[in-house]
Amino acid sequence: MFNRIQNKVLRETLSWLSVIVFAVVLNLFLRENVFAVTKIDGTSMMPTLHDHQRVYLNRLAYELGDPQHGDITVFPAPYSDQNLIKRIIGLPGDTVEIKKGTVYVNDKPLHESYIDIPPQDYPKTKVEAGHVFLMGDNRHLGGSMDSRDPRVGMIPIDELEGRVDFVIYPHPHVLD
């Protein structure tokens, strides 16, 4: 009888242990491959995102679909080991230009309710195949180091780490 109880306890313990191990492995896989929580470091995306906010990064967004105008994305900075977060303004083949504080994509004005202060002029530029043209929302007076800066330039689509879908902390909300 003692062996039967011992076997039952062992089976129950192994059952719980296998569930815990499965949950840990699943969490590690999902966190590494499906989603991530990223901390905003800086003011380049103000007023949309603020310094020290935590955001949800959907790592599958560009595996399952293509980048879209207006997506907020994370990518490795070409000049350092940090990540940057910017908004997609131009897709492959688009032309991007800033005239008198208005951004034009394919010669059509972009209506950007998320911009506080208009950016400085930027010459018409064609987005390279397989790349995106990215800009921060805080564009005035060098508030954002983005595709307009030669140190960043256009970013290959395959380097985009994912799309930011919502803010987790401090005030959770979905980004539009």
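Scanning all heavy atoms of the two residues, the minimum distance from Val152 to Pro78 falls at O-CG, 3.7 Å. Pro67 approaches Ile157 most closely through the heavy-atom pair CG-CG2, 3.8 Å. Across all non-hydrogen atoms, the minimal contact from Ser44 to Ile85 is OG-O, 3.9 Å.
At a threshold of 4.0 Å, the pair Lys39-Asp41 does not count as salt-bridged, since none of the basic side-chain nitrogens sits closer than that to a carboxylate oxygen. A salt bridge does not link Asp146 with Arg87: none of the charged nitrogens is closer than 4.0 Å to a carboxylate oxygen. The pair Arg139-Glu112 meets the salt-bridge criterion, with a side-chain N (NZ, NE, NH1 or NH2) lying under 4.0 Å from an Asp/Glu carboxylate O.
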Given side chain to side chain contact (heavy atoms under 4.5 Å, CB included), test Ile88 with Thr73 step by step and report yes or no. CA-CA 7 Å; Ile88 296 175; Thr73 188; 4.0 Å; yes

Take Val105 and His69, measure what side chain to side chain contact (heavy atoms under 4.5 Å, CB included) needs, and give me the verdict at the end. CA-CA 10 Å; Val105 176; His69 291 106; 4.0 Å; yes

Residue pair Met135, Ile98: steps toward the side chain to side chain contact (heavy atoms under 4.5 Å, CB included) verdict: CA-CA 12 Å; Met135 291 171 61; Ile98 304 174; 3.6 Å; yes

One pair to check against side chain to side chain contact (heavy atoms under 4.5 Å, CB included): Thr38 and Asn83. What are the steps and the verdict? CA-CA 10 Å; Thr38 301; Asn83 283 338; 6.0 Å; no

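The 12-atom threshold is exceeded at OH of Tyr79, counting heavy atoms of other residues, nucleotides or ligands nearer than 6.0 Å.
Counting only distance, with no hydrogens or angles, the side chain of Gln53 and the backbone of His50 share a donor-acceptor pair below 3.5 Å. Using a distance-only test at 3.5 Å, with no hydrogens or angles considered, a donor-acceptor pair links the side chain of Asn106 to the main chain of Thr95. Side chain of Asn138 to main chain of Thr43: a donor-acceptor pair is present (N/O by atom type, distance under 3.5 Å, no hydrogens or angles). A donor-acceptor pair under 3.5 Å is formed between the side chain of Asp121 and the backbone N or O of Lys100. For Ser147 (side chain) and Gly153 (main-chain N/O), a donor-acceptor pair under 3.5 Å exists by modelled atom type. Without hydrogens or angle criteria, Gln68 side chain to Asp66 main chain gives a donor-acceptor distance under 3.5 Å. Here the side chain of Lys86 pairs a donor or acceptor atom with the backbone of Met145 at under 3.5 angstrom. Arg59 places no side-chain N or O within 3.5 Å of a backbone atom of Leu57 that could act as its donor or acceptor partner. Distance alone, capped at 3.5 Å, is enough to place a donor-acceptor pair between the Thr125 side chain and the Pro123 backbone.
Taking the centre and axis of the six-membered ring of Tyr104, the NZ or CZ atom of Lys99 falls inside the cone set by 45° and 6.0 Å.
Side-chain atoms of Tyr62 and Asp158 form no donor-acceptor pair, as typed in the model, at a separation below 3.5 Å.
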